[in-house]
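I have placed the structure first, in the form of structure tokens, so that the comments after it can refer back to it.
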Amino acid sequence: MSGPLSQTDRRGIDPALGALIGEAAGMRLADRPADGVRTTTPRALPVLSEPDPTYYDLPPIKPPVWVWAVPAYFFVGGVAGAASVLSGACQLLAPRRAEGLVRRARQLALAGDVAGSALLVYDLGRPSRFLHMLRVLRPTSPMSVGSWLLAGSGAANTAAVLLGGRPGLAGRLGGAAGLLAAGLGGPLAGYTGVLLAHTVVPLWSAGHRALPPLFVASAAGSAGWALALLAPPGPGRQIARRLAVGGTAAELVLGRAWERTVGRVPRVARPLRAGRAARLWRGSQVLAAGALLGAGLAVLAARRAASRSGRGGSRGSGAVVQGVASALGLLGSLALRWAVFQGGRDSAQDARATFHLQRARSGGAA
Amino acid sequence: MSQKGFFTDTTVCIGCKACEVACKQWNQLPADGYELSALSYDNTRQLGASTWRHVSFMERAAPGGGGAADGLAWLMSSDVCKHCARAGCLEACPTGAIIRTEHDSVYVQPDVCNGCGYCVVSCPFGVIDRREDDGRAWKCTLCYDRLQDGLEPACAKACPTDSIQFGPLDLLRWRARERLAEVQAGGQPQAHLYGADPDRQPGTGGLNAFFLLADRPELYNLPPDPQAPSVHAGASWGSMALAAIGLAGAALGLAAWEAGA
């Protein structure tokens, strides 16, 4: 052994002499060469007479350890949940006119459930232990509730896709499964907002009432845009477009409301004013507005084509504009999830965001 | 089994870091690298997956005019997991890895944790962290293995000034109140107890590892009003439920509109 700590085990324990039975002896360590001494350039230390001190600007909380897969899951899971809801509603009230939509929405929901689960498993620190999520149901934990929602939704959508539409008992079971998935779909689209709100990250916890409805609206919009592209031509596409427009309009309104709520303590909303999260946030609003504009133009184009030739205008330039509107809407919803995620990361690193939010709330505790 | 915890009297902490060393040594935690942070004597910076005791140093004007020739003294404190009565990490854990032991401490079972990271953003004090190369979340165990053999935690054993006191919570709270009166009378009127009284920290239900602080919590990097995040549960789940009902209503409305067309 050269030096006080060996190359690979930085515990300083000679295995010939000491037994590794401590609480953290099982902690896996990456193979790394022994570090030399590193120094940081000194900087001016805080003046304590100032009214708003921090501990060397080090945050009192930890930032999220999640990677890109988590905001991606918010988007994918939202599409899956809202698609289930739409499928169930059409199955109940427009089963013949929207038959194609019902089927396609179920398929989209199943694909979303599977892809979403894969994203979540990828983000785990120990992916092989993903089934541990179903060891318990802990109602105080939105992640626990959500894991069960996702598992249930996946099972229900699988049954609905495989059995739905078939004659006899199989078809009826498939239909029931589709309705179960629809019941789970709304919570599946919205629980991720609750998951973020139930954290100590200032940006996420400050808007705890406004964030879940924002995620539901964004999910509805993105499911609508996706199904406007994917559903078979006909009344189903029309329904999907209307959900997309309604959802995206709600997303813009609720987004403004959430921004105002978190901005009550100005320091908390800082990530939405400047920086990468702010660019994503503004970008998502521009994309959403663009999608609504595109949908409006497509409707006008269709009306003009219909009055000119007497046909329904689902071909030609109207379809292209509709496709562009869908793409903008999907990108906008994804950008919104990313903006909230990145904003949270930034807000967690800002010590003053935590301190200001708590001081505003109660004047402190002892 | 009685409730056990720590009373940390920061006014007698000398910043020797014996607690950091004892903790690392007893639990066989790996070194975090030799880095001089240039933040006074604090080279550990914060608690983490492999740092379960962290001594903080904040220079300030000495109370009562004492201190060094330049009139400065340190606020020194050994930070640790608070083992909250209402623990954010425990309420957040979806696998059931985080449990409450018979000593009323909060313990992470490393064979269950799958590294979802939700506890990391649920701790109001930034204590628990996920270790990147290992994948699981780790934190202070209140020396659960030592407690099973009737020993006190390694940090409390090593502390030369008894700044870290371990024992039954009611005894510690009594001692803390006596000591607080002594400190306040001795020229530090802004000294206070942090986390000793559940009524004054309702967000956590009181801390099983509480502190006697000589100044504002922010100077020790402690949050002034910590809350286990589930205090928002009713409001946020309720709001989500309304939104989900709204979505269902909108979808049914659209389907009915099309069916009637």
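Just so it is clear, the model here is predicted, and its values are computed rather than measured. Throughout, protein chains are lettered first and strands after them, A, B, ... in sequence-line order, and every chain is numbered starting at 1.
- With a threshold of 4.5 angstrom between heavy atoms, A:Leu86 approaches chain B through its backbone and through its side chain.
- When only modelled atom types and interatomic distance are considered, B:Asp42 and B:His54 share a side-chain donor-acceptor pair under 3.5 Å.
- Note: A:Pro235 leads A:Pro235, A:Pro127, A:Cys90 in heavy-atom pairs under 4.5 Å with chain B.
- Checking side-chain atoms of B:Ser122 against main-chain N and O of B:Cys89 turns up no donor-acceptor pair under 3.5 Å.
- Looking at A:Ala19, only its backbone comes within 4.5 Å of chain B, counting heavy atoms on both sides.
- Neither the backbone nor the side chain of A:Val70 comes within contact range of chain B; no heavy atom of the residue lies under 4.5 Å from a heavy atom of that chain.
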Quick one: do B:Ser230 and A:His198 satisfy side chain to side chain donor-acceptor pair (under 3.5 Å)? Show the steps, please. CA-CA 6 Å; B:Ser230 61; A:His198 273 218; 5.9 Å; no
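- Residue A:Leu120: no heavy atom, backbone or side chain, is found under 4.5 Å from chain B.
- When each of A:Pro139, A:Ala94, A:Pro212, A:Ala24 is checked for heavy-atom pairs under 4.5 Å with chain B, A:Ala24 comes out on top.
- Both the backbone and the side chain of A:Arg242 come within less than 4.5 Å of a heavy atom in chain B.
- Side-chain contact, B:Asp79 with B:Ser56: no donor N or O sits under 3.5 Å from an acceptor N or O.
- Each of A:Pro142, A:Ala348, A:Gly146 has some count of heavy-atom pairs under 4.5 Å with chain B, and the biggest count is that of A:Pro142.
- B:Thr141 touches chain A through its side chain: at least one heavy atom from C-beta onward sits under 4.5 Å away, while N, CA, C and O do not.
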Walk me through it: do B:Asp133 and A:Arg28 pass the test salt bridge (charged side-chain N to carboxylate O under 4.0 Å, His left out)? CA-CA 6 Å; B:Asp133 38 10; A:Arg28 236 186 251 165; over 6 Å; no
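- Between A:Trp66 and A:Trp204, the ring planes lie parallel to each other; the angle is under 30°, not in the 30° to 60° tilted range.
- Contact annotation for A:Phe130: only backbone heavy atoms (N, CA, C, O) come within less than 4.5 Å of a heavy atom of chain B.
- There is no contact between A:Ala98 and chain B, counting heavy-atom distances below 4.5 Å.
- Proximity to chain A is limited to the backbone of B:Trp26, based on heavy atoms less than 4.5 angstrom apart.
- Side-chain contact annotation: A:Glu23 with B:Tyr107, donor-acceptor N/O pair under 3.5 Å present.
- A:Arg241 contributes no side-chain N or O that, together with a main-chain N or O of A:Gly224, makes up a donor-acceptor pair within less than 3.5 Å.
- If you measure heavy-atom distances from A:Gln91 to chain B, you find no contacts under 4.5 Å at all.
- For A:Ala351, no part lies near chain B; criterion is any non-hydrogen pair under 4.5 Å.
- Side-chain contact, A:Arg129 with B:Thr95: no donor N or O sits under 3.5 Å from an acceptor N or O.
- If you measure heavy-atom distances from A:Arg209 to chain B, the contacts under 4.5 Å come from both the backbone and the side chain.
- Taking the centre of each ring, B:Trp74 and B:Tyr41 come in below the 6.0 Å mark.
- Interface check for chain B: of the options A:Leu131, A:Val136, A:Leu211, the most heavy-atom pairs under 4.5 Å are formed by A:Val136.
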